[in-house]
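Proteins get letters first, then strands, A, B, ... in listed order; numbering begins at 1 in each. In what follows, every heavy atom counts, from backbone to side chain, and hydrogens, waters and symmetry copies are set aside.
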Amino acid sequence: MEYNFADIEQKWQQFWVDKKTYHVEIDESKPKFYVLDMFPYPSGAGLHVGHPLGYIASDIYSRYKRHQGFNVLHPMGFDAFGLPAEQYAIKTGTHPAITTEENIERYMTQLNNIGFSFDWDRKVVTSDPDYYKWTQWVFTKLFSSWYNNASDKAEDIHLLVQIFEINGNIKIAAACTQEETFTADEWKAMSEQEQQGILMNYRLAYQSHTAVNWCPELGTVLANDEVKDGLSVRGGHPVVKKTMKQWSLRVSAYAQRLLDGMEKLDWSDSLKEMQKNWIGKSVGATVFFRLEEHEEKMEIFTTRPDTLFGATFMVIAPEHEWVTMLTKEDQKTEVEEYVVWAKNRSERERMTEVKKVSGVFTGSYAIHPFSGNRVPIWIADYVLTSYGTGAIMAVPAHDSRDYAFAKKFDIPIVEVVSGGDISVESYDAKTGVLVNSDFLNGMKVKQAVGEAIKKLRALGIGEKQINFRLRDAIFSRQRYWGEPFPVYYKDGMPQVLNIKDLPLELPAVDKYLPTEKGEPPLARAENWNTKDGYPLEVDTMPGFAGSSGYYLRYMDPTNQTQYFSPEAVNYWQDVDLYIGGAEHATGHLIYSRFWNKFLFDLGMVVKEEPFKKLVNQGMIQGRSNFVYRIKGTNQFVSFGLRKEYDVQRIHVDINIVDNDVLDTEAFRKWQPEFANAEFILEDGKYTCGWEVEKMSKSLYNVQNPDELIEKYGADTLRLYEMFLGPIEQSKPWDTKGIEGVFRFIKKFWRLFHKQENELELSDAEPTKEELKVLHKTIKKLHEDIERFSFNTGVSAFMICANELSELKCNKRVILEPLTVLIAPYAPHLAEELWQLMGHNESIVDATYPEFNEAHLKESNFSYPVSFNGKMRFMIDLPIDMGKEEVEKAVLAAEEAQRWLEGKTVRKIIVVPKRIVNVVVG
RNA sequence: GCUCGGAUGGUGGAAUUGGUAGACACGUUGGACUUAAAAUCCAAUGGGCAUUGCGCCCGUGCGGGUUCAAGUCCCGCUCCGAGUACCA
C-alpha cells in the first residue's frame, strides 16, 4: 500500500488546467477577496526553496477563503524588467526578451508543480508592451499633474496654468522646486520655453539637474533605496554622487499622506516603523540669519528653535551655493582644498568615516537674530545639501555632532538647557529648563520651542516648518531593459506622447551598451524619433516603475482601452492580503502607495491605500555543511576530531550530506581535487560541521524545490515549508524534517485505505470521541489560519491523524470534513480523496466544515493541582463544580496529604477550568 | 549611535488572555515485523540525583522585582538578527 503522489499530483494539476478551476471573474453575488503575492523577478537560476514560502501561505489562505464562499482573486505575474537579463544580453548578445521569456516559462512550470491556485489568465508581465503601455500612460498623467497643497491632492497642470494667468505663483501652495516668484503679468510675458521650464518645477514627474547616485559599473543612476552602504543593492558596486539631468517622481509631495495612511493599515509594526523612519518627518522651524557683509539672509532648518541662544556657529554644506560668496580672501585656499577633498570622497568613505570630524572656517559671520552676536560660518561635510536648506545653526551644547565639531575647532559651547553636563558631552534630550536664553529662561523645552517660534514670526525672520527625509524618486535609468519613457523633445523641452501613440515599444539595438559618447543604449537605436521627427528620450524607467501598479492591472489584465475598467476596480477594490518580503519596505511599498494615492486623486481607484493587510514572510536561510581538511594534505577529519589537527574548513554540497553524515564516495566524485581524499572517521562515519548562512550557490547550500517534489511530492513540500516555523520569522532550511511531514501524509492517506490501497470508509455513526477530535481540529485550524500560524496548523493535522489512527476511525462523516479542512494545505491529496469518496466536482468549492461547540463539551475537567506554585498531581472533577467544592475535593484528595502534612493551608486559589494552587507554609 | 525584533531540549519549534514549560516533528537509543533492506509499528528521550517503589531537585540568555502563580508583566544588563545612518 502506497500513496502514489507522483501520479496523483500530475493528474490534478492537469485537471485544474483543463477545467480552468482557478479562473475567476467578477461575480456580484459573492463577496470578493484579493490575495496578492509579490511577483518574482524571473532569474535564470530558477526558484529555490525560499521563494515559494510566501506563495504557499497565500495559496492556503486563498483556498481557505474560497471554501468560505468568497470570490478570490489570486493572480501571479512577473517583474520582468531588470539587470540580470540585460547583463546576460551584454555578454551573449541574446535579446533580454528571449531570456526573460525562457525564465518565465521555467518559473511557471516550477510554480505549477507546487500546485498553486493562480489564475494564469490574469498573468501580468511588466516587460510586455501590453502591460507597460499603462506604466507609460501613468507617467504621462504624472507629468501632466501638480500637487495642490491647499486641496491636498494632485490636480491637472492646466489648472495650475490658469492660476498662474490670474495670480502668478505668489499665492500658490504647491509641492514644487520653484523658488522665484512671479506675477500674472510676468507669467504671460514669458516665452513658451520659459513657461515650460517653470512648469517643470511643479510636475509630479519632472526633469531636473540633481545630484544622483551614479553607479559607474552598472552605467546607470540608482534610487536611494537601491543603494546600501554606498554600494548598489544589485551587484554591490560602488556608487558615487554625480549631478545629472534626470526624471524624478515627486513622491515627497505625498509624504504626509503616506505617513497618515499607515495608521489604518494592518501591517506589522516593524514594517510601519521602517516606512516611518524612511519618510522621516521632523517638526521644527526655519530661521533666517542676517549676514554681516551681505544682503542675503541665510535660511536654516532646526528642530530645536528653543536652543537658539546656544547657537555659537553656523555650518553650510561643501556643495552649498554660497560657499564662494562667503569665503574670505585669506581663507580661500583652505576652503577650496576642503571643498575639493569633500567632493571627491566617495559616498562609502563618507559613510564609514562618520566619526571623523572635518571642516573649515569661511571667514564670514552671520548675526544672531536675538542676541545680535557675530556667529562664525563654517563649511563641513557633516551638513548635507539634500536635507533642509543645506545650512544649520550649530548648538554644540545640545547636539552631539555640533559638540564634536566645536571641541575639535575650539568653538565656545554655551549651555542653554539645564540637565546635562556639557563639559563631558552634549545634552541632546528634550527635557530640562532653559538657561542663558534671555526671554526663554526658566521655560521648559516644549514651551520654549513655541515661544521661540512666536518671536521669530513676530520679527518676520522665521516660521514653524516641517521637513521630511523622504526624497523624490529618481526615475531615470541609463539602461536598455526597462520601459521607454513616453517622452520626446521639442526645441529641447520634453513633451509626453499621446495615449494613442502608446505603447512606445523598446527599439532594437545593435549592442546593449552605452554609445561611444556615453549615452544610454537606446541612443543606438536607429530612427529613435517620433513620426514627426522629434527625438525620443533615451533613458528608461527603473525597476519599480512596473511593479508600482501591477496589482491594479490584475483586476482587468487584458483591457485594451483602459488601465483597468471602473467595473473591475469597483468590484475588486484593493488587496485584502499581501504577502511578501520585508526587503521592499522602503522601495516598492512606498512607490506603490504613492502610485495608488495618485490614481486615487485622479478618481481612478476607489481605495486610498492599496494593501489592507500585509504579511512579511521571513527569509529562508541556508544550512551549510563543512568538511575539515588537514592543512597541506588531502586528508579530511570528522567534525568531532577536528580540534586535534590544524584544519581548514571547506563548504561541502549539502546534497551529498545526509543528517550531517558525509557520503564519502560522492564527495570524492564531487570535485576532481577531492578524488583521492582520505577520511579520518568517527564511529565509522564522517560527520560534517554546519552553520546557518545565506542560501547561496557559492556556499553549496541551495535547496531546489524540484528535487524535493520529485522525492516527496508537492503536498509534502507545501506542508513542510509551513511546518518549518512561523511564517514571519527567518529560519534555516533543513531538509531532514521533511520526512516527518511525508510520514504524516502517508498516515493521513492510510486513514482512508485498507492494506491493498483500496478505499475503505465506514458509514457508521461517529463516536463522541471521534467527533471531539474532528471539531477540536476544525476549531484549531480556523484560529491558526486567521492568525497566519500555519506551522501550528500543520501540527494540528498531525495530532488529528495520530488520534484518529489510534481510534481506528475510518468513518465518512469524520474523514469527509477533514478532507476539506486539509484541501488548502495539500490540495492534490484532498482532490484525490474527495474523488475517491464519490464526488465529481473539484474540492475547491466544497463548503468549509463548521465548528460545533457541543462536541467539545466535557463533563469533567482534569485540574492540575499546585502547592506553592509547583504542580504536583492531577485531579478529575466535574466541570461545573463550584470553587468551594473544588477546594474541598482537592484538600481531601489522597495525593494531597503528603503535601499538607505538618503544614498550614494559608490560601487556596481556584481558577475554574484552569488550575488549583494551594499555598501552604 | 538610533529604531524595531529575538534568545525555550541535540535540532526546527509549541505554550493565543499571567495558570500543567517543551505540543508537533526531526534526530538519537532500544524493540517488533523482514532472509535482508525499505516501509510501518511500539517504547524511551530537558539536565541532575535516586533508581527499592513512590519519587525529589534544577531548568525558558543573565541579574533583580511584582504575583498565590512569570517563558509570558516591570527594572537593569548580555548576546544575536533586521532596518537606518552625520536628516540638524
Side-chain angles (χ1 to χ4, degrees), chain A residues 1-2 228-229 268-278 280-282 284 300-304 307 315 350-357 380-384 386-395 399-402 404-405 467-471 582-583 585-586 616 618-619 621 623 659-660 690 720 723-726 728-741 743-744 746-747 750 780 783-784 786-787 789 791-792 794-799 802 805 862-874 898 906-911 913-920:
Chain A
M1 99 163 178
E2 207 25 60
K228 226 202 124 195
D229 299 333
S268 72
D269 289 339
S270 70
L271 202 108
K272 285 188 184 180
E273 200 62 35
M274 267 190 238
Q275 289 218 344
K276 230 177 249 174
N277 291 341
W278 191 260
K281 179 178 181 171
S282 53
I300 60 103
F301 173 73
T302 178
T303 53
R304 296 295 301 275
T307 63
V315 186
R350 215 165 145 162
M351 279 175 181
T352 47
E353 293 168 17
V354 163
K355 291 276 147 2
K356 224 168 150 187
V357 179
D381 70 351
Y382 81 90
V383 172
L384 310 173
S386 50
Y387 185 78
T389 59
I392 62 157
M393 67 170 201
V395 184
D399 181 290
S400 55
R401 297 153 303 179
D402 298 344
F405 195 84
N467 258 345
F468 292 96
R469 263 181 58 190
L470 183 70
R471 292 303 128 72
E583 66 271 22
T586 50
N616 290 123
M619 265 214 302
Q621 297 147 313
R623 187 181 187 277
N659 196 21
D660 291 338
W690 62 273
Y720 184 56
F723 188 62
L724 224 44
E728 302 207 65
Q729 200 173 299
S730 286
K731 58 232 154 201
W733 177 265
D734 186 352
T735 320
K736 70 184 183 191
I738 202 168
E739 295 281 349
V741 172
R743 275 174 213 153
F744 156 73
K746 285 187 285 192
K747 193 168 195 173
R750 245 180 290 126
K780 175 76 178 147
E783 287 166 0
D784 284 351
E786 287 301 348
R787 64 189 177 108
S789 178
N791 56 329
T792 52
V794 174
S795 99
F797 280 124
M798 290 175 169
I799 294 168
N802 289 346
S805 299
S862 197
Y863 278 93
V865 179
S866 309
F867 288 82
N868 292 343
K870 277 184 191 140
M871 212 286 280
R872 296 302 180 184
F873 64 91
M874 306 289 290
R898 53 185 296 230
R906 307 228 182 257
K907 199 172 178 185
I908 302 184
I909 288 104
V910 176
V911 185
K913 288 198 275 180
R914 269 272 151 87
I915 197 170
V916 178
N917 190 15
V918 185
V919 186
V920 293

Whole-Å gap separating C1' (B:G13) and CG (A:Asp784): 14 Å
Span that lies between the C1' atom of B:C26 and that of B:G13, in whole angstrom: 11 Å
Rounded distance in Å between the C1' positions of B:G63 and B:U52: 42 Å
Phosphate contact (B:C56 OP1 or OP2) by A:Arg898 side-chain N/O below 4.0 Å: yes
Touch class at under 4.0 angstrom, heavy-atom based, for A:Lys870 against every strand present: sugar-phosphate
Rounded P spacing from B:C24 to B:G76 in Å: 39 Å
B/S/- contact track for nucleotides 18-27 of chain B, protein heavy atom under 4.0 Å: -BB--BBSSS
Closest nucleotide among B:A88, B:U16, B:G12 to the A:Phe301 side chain: B:A88
Polar side-chain contact A:Lys780-B:U16 base: donor and acceptor under 3.5 Å: yes
Spacing of the P atoms in B:U40 and B:A25 (rounded, Å): 13 Å
A:Glu783/A:Thr792 under side-chain contact (heavy atoms from CB on, under 4.5 Å): CA gap, chis, key distance, verdict: CA-CA 10 Å; A:Glu783 287 166 0; A:Thr792 52; over 6 Å; no
Where A:Gly390 and A:Val383 come nearest, the two heavy atoms and their spacing: O-CG1, 3.5 Å
Touch class at under 4.0 angstrom, heavy-atom based, for A:Arg872 against every strand present: sugar-phosphate
RNA chain B stem ranges, 3 or more consecutive Watson-Crick or G-U pairs under 3.5 angstrom: B:1-7 with B:78-84, B:10-12 with B:24-26, B:27-32 with B:40-45, B:46-49 with B:55-58, B:61-65 with B:73-77
Set of side-chain contact (heavy atoms from CB on, under 4.5 Å) partners for A:Thr735, sequence neighbours left out: A:Gln703, A:Leu708, A:Trp733, A:Ile738
A:Lys736 side chain vs A:Asp734 backbone, donor-acceptor pair below 3.5 Å: no
Options B:A88, B:A14, B:G12, nucleotide nearest the side-chain atoms of A:Asp399: B:A88
Side-chain donor-acceptor contact under 3.5 Å, A:Lys907 with A:Asn917: no
Conformer about C1'-N of B:G5 - syn within 90° of 0, anti elsewhere: anti
Ring geometry between A:Tyr382 and A:Phe405 (parallel below 30°, tilted from 30 to 60°, perpendicular above 60°): tilted
B:G22 to B:G46 separation - P atoms, rounded to the nearest Å: 10 Å
Closest to side chain of A:Tyr382, choosing from B:C86, B:A15, B:G83: B:C86
Distance below 4.0 Å between A:Gln729 side-chain N/O and B:G13 OP1 or OP2: yes
Distance between P atoms of B:C80 and B:C56 (Å, rounded): 40 Å
A:Tyr863 side chain to A:Met874 backbone, donor-acceptor under 3.5 Å: no
Closest to side chain of A:Asn277, choosing from B:U3, B:A88, B:U16: B:U3
Contact summary for A:Val919 and A:Asn868, nearest pair of heavy atoms: CA-OD1, 3.3 Å
Distance in angstrom units between A:Phe873 CZ and B:C56 P, rounded: 12 Å
Flag, side chain of A:Ser789 to backbone of A:Asp784, donor-acceptor distance under 3.5 Å: no
Nearest-Å distance once atom P is located in both B:G5 and B:G12: 23 Å
Nearest heavy-atom neighbours spanning A:Ala585 and A:Gln275: O-NE2, 2.9 Å
Flag side-chain contact, heavy atom, 4.5 Å: A:Asp660 against A:Arg623: yes
Any A:Ser282 side-chain nitrogen or oxygen under 4.0 Å from OP1 or OP2 of B:A88: yes
B:A32 to B:A82 separation - P atoms, rounded to the nearest Å: 50 Å
